[in-house]
Amino acid sequence: MAIMYALKSSDNEIFEVEQKVIEQSETIKKMIEDGAATGEIPLQVSSKTLAKVLEWCKQRQHKTVENENDDNKGKRKKERDEDDDIKEWENKFSDELKADKDVLFDLLLASNYLDLPALLSFLCQLVADMVAGKMPEEIRRMFNIENDFTPEEEKAITAEHGWAFQP
Amino acid sequence: MEDEKNGRKKSRISDEMDSDRLSNLPDSLIYHILSLMDTKYAVRTCILSKKWTNHWTHVHSLNFNHRSFNRNFSFEKFIRHILRQRKPLNLCRLSFQSYSTSSSVENRIVNYAKSRRVEELETNSTDLCSSISKLQTLSCIKVCNSQITKSFNLASLNTLQLSEVGIYSDDDNVDFFSGCSNLENLFLNGCRVDKNIFKISAPRLVNLSISSSKYCAIPKIKLVLSTPRLKFFNFSGKYVQVSCIGKFPALDEVNIYMCPPYVRAGTKISKQECILDVLRVAEILHNAKSLKISWNCTKGSWNGAILDPNFRNCNCEAEQGFKGGMV
């Protein structure tokens with residue numbers, strides 16, 4: 001029987017999770033090792049975000065377990081299929097986040113707090129891809145960034161960085 | 001997941017965020033995000049708002065790509081500005097894709113990367129490759145579509161990946177990787193080798209993967225392995241002769257898929273010789289826990305082997321305990 005832990009979200013919802021799944025979080029792993037994790041583990045993450053985090057962790061865990069159990073026959077083909085499955089899953093996951101950026105940023109902060117490097121990199125890359133190649137006005141609109149430059153200031157700063165604005 | 005569905009319903013209203021959550025991220029996350037894109041676009045965030053003016057100067061990685069610029073002149077000017085204005089921080093990763101960059105700029109990049117203790121490098125630049133040994137802090141290198149004429153001499157290198165790279169040298173005895181005493185992973189994809197003997201000696205190599213050398217200039221190339229810690233060996237592509245110096249006591253998994261070499265007019269290689277060689281490889285690698293050797297004759301220039309009809313697609317597979325007694 002797998003060892004289970006109870007995680008408590010900031011809005012007091014309890015999530016029962018396998019130790020292996022949750023140990024991907026360095027923060028929680030440390031809490032468990034320090035013996036601080038008796039009973040419920042309280043986390044500064046909302047239930048909605050935590051559910052999303054666990055969705056990611058379970059998918060990752062699933063992937064590693066399958067690889068361990070693999071025998072060699074037909075491994076290559078199987079690996080390819082699995083890679084395709086993971087890609088598809090990740091695409092769906094990122095499409096959802098792009099559609100609801102509040103969830104995206106909640107998740108970004110949670111992965112930083114929980115110390116989940118793989119999820120953090122994945123999300124940062126997602127945001128980087130959303131920003132790269134877009135016009136400033138488009139980026140501001142997408143992320144609700146207020147342009148606090150006066151037109152003169154904006155002109156000056158563009159001129160100062162002219163070398164980066166050449167085609 | 002029920003909780004998730006409920007959660008999503010609740011906040012579905014907010015497709016438009018009302019606060020600027022990107023700018024309010026901790027600075028370290030913003031630097032991380034800016035490090036993951038073409039540096040040109042990272043700099044361009046300076047005009048988003050006052051807060052963003054200097055964020056780009058903190059990037060931990062640089063990504064230079066000539067394709068982001070119409071003219072080489074603009075590309076080089078851009079690089080010079082970046083190297084001057086970036087904060088004096090260590091460099092995690094440098095990606096440099098160039099078409100024809102002047103050597104003075106490439107020198108500057110190398111010197112900069114050296115002083116900033118670069119850890120990872122990805123490039124297609126032949127010039128940069130020739131001075132790669134100056135970058136002693138590198139632990140990971142990826143080279144694509146380039147040429148290598150000098151041996152690597154990087155003590156801290158852990159992973160090296162060469163894709164579509166020409167490996168050339170006048171000296172037949174040159175040992176390209178022996179100076180990398182800590183190299184554990186070596187991947188060669190579609191590399192061209194113009195030597196009769198291609199030696200791979202690396203005392204700590206664990207993972208070796210060689211795939212499809214499309215244009216092997218010498219049809220009768222001999223691959224010599226001196227890799228005492230080898231655990232995983234993957235080979236797929238045209239026939240090469242494999243031999244080894246020393247043994248492979250730690251060998252775990254071997255996958256070899258060979259097809260016949262291109263035979264040029266005037267070159268003599270008998271199929272019999274090739275097949276016997278492949279079987280010799282099986283003997284050399286016999287202590288692997290899993291050994292898989294496939295020899296494909298159907299697509300090559302010879303239709304079928306002459307030794308025995310069974311060798312038409314000789315496929316010897318063995319799990320644990322295979323004793324290399326195939327011949």
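So that the names make sense, note that chain A is the first sequence line, chain B the second, and so on, each numbered from 1. On a predicted model such as this, the values are computed, not experimentally measured, just so you know.
- At least one side-chain heavy atom of B/Met37 sits under 4.5 Å from a side-chain heavy atom of A/Val131.
- The stretch residues 45-56 of chain B places B/Thr45, B/Cys46, B/Ile47, B/Leu48, B/Ser49, B/Lys50, B/Trp52, B/Thr53, B/Trp56 near chain A, each with some heavy atom under 4.5 Å from a heavy atom of that chain.
- Using a 4.5 Å cut-off between heavy atoms, B/Asn70 contacts chain A through both its backbone and its side chain.
- Side-chain contact between B/Leu22 and A/Phe105: present, with at least one pair of heavy atoms (C-beta onward) separated by less than 4.5 Å.
- A/Asp129 CG to B/Tyr41 OH: the interatomic distance, rounded to the nearest 0.5 Å, is 12.0 Å.
- A salt bridge links B/Arg21 with A/Asp106: the distance from a Lys NZ or Arg NE/NH1/NH2 to an Asp or Glu carboxylate oxygen falls below 4.0 Å.
- Neither the backbone nor the side chain of A/Thr49 comes within contact range of chain B, judged by heavy atoms closer than 4.5 Å.
- Among the residues in residues 108-115 of chain A, those with a non-hydrogen atom closer than 4.5 angstrom to a non-hydrogen atom of chain B are A/Leu108, A/Leu109, A/Asn112.
- Counting heavy-atom pairs under 4.5 Å between each of B/Lys77, B/Lys40, B/His81 and chain A puts B/His81 at the top.
- In the displayed structure, A/Lys134 atom NZ is contacted under 6.0 Å by more than 12 heavy atoms of other residues, nucleotides or ligands.
- The distance from atom SG of A/Cys124 to atom CG of B/Leu25, rounded to the nearest 0.5 Å, is 8.0 Å.
- For the residue pair B/Ser74 and A/Gln166, the shortest heavy atom distance occurs at CB-OE1, 3.7 Å.
- Heavy-atom distances place the backbone of A/Glu146, and not its side chain, under 4.5 Å from chain B.
- Looking only at side-chain heavy atoms (C-beta outward), A/Val127 and B/Leu36 stay at 4.5 Å or farther from each other.
- Around the CZ atom of B/Arg84, the shell of radius 6.0 Å holds more than 12 heavy atoms that belong to other residues, nucleotides or ligands.
- Although no hydrogens or angles enter the test, the distance criterion places no donor-acceptor pair under 3.5 Å between the side chain of B/Arg44 and the main chain of A/Pro136.
- Note: A/Ile145 leads A/Ile145, A/Ile157, A/Leu104 in heavy-atom pairs under 4.5 Å with chain B.
- Chosen from A/Ala132, A/Pro167, A/Ser46, A/Gly133, the residue pairing most often with chain B at heavy-atom distances under 4.5 Å is A/Pro167.
- Under a cut-off of 6.0 angstrom, the local environment of NZ in A/Lys155 is sparse, with at most 12 non-hydrogen atoms contributed by other residues, nucleotides or ligands.
- Rounded to the nearest 0.5 Å, atoms CD1 (B/Ile33) and CD (A/Gln125) are 10.0 Å apart.
- Of the atoms belonging to A/Glu153, it is side-chain heavy atoms, and not backbone ones, that fall under 4.5 Å from chain B.
- A pairwise comparison of heavy atoms in B/Phe69 and A/Trp163 identifies CE2-O, 4.2 Å as the closest pair.
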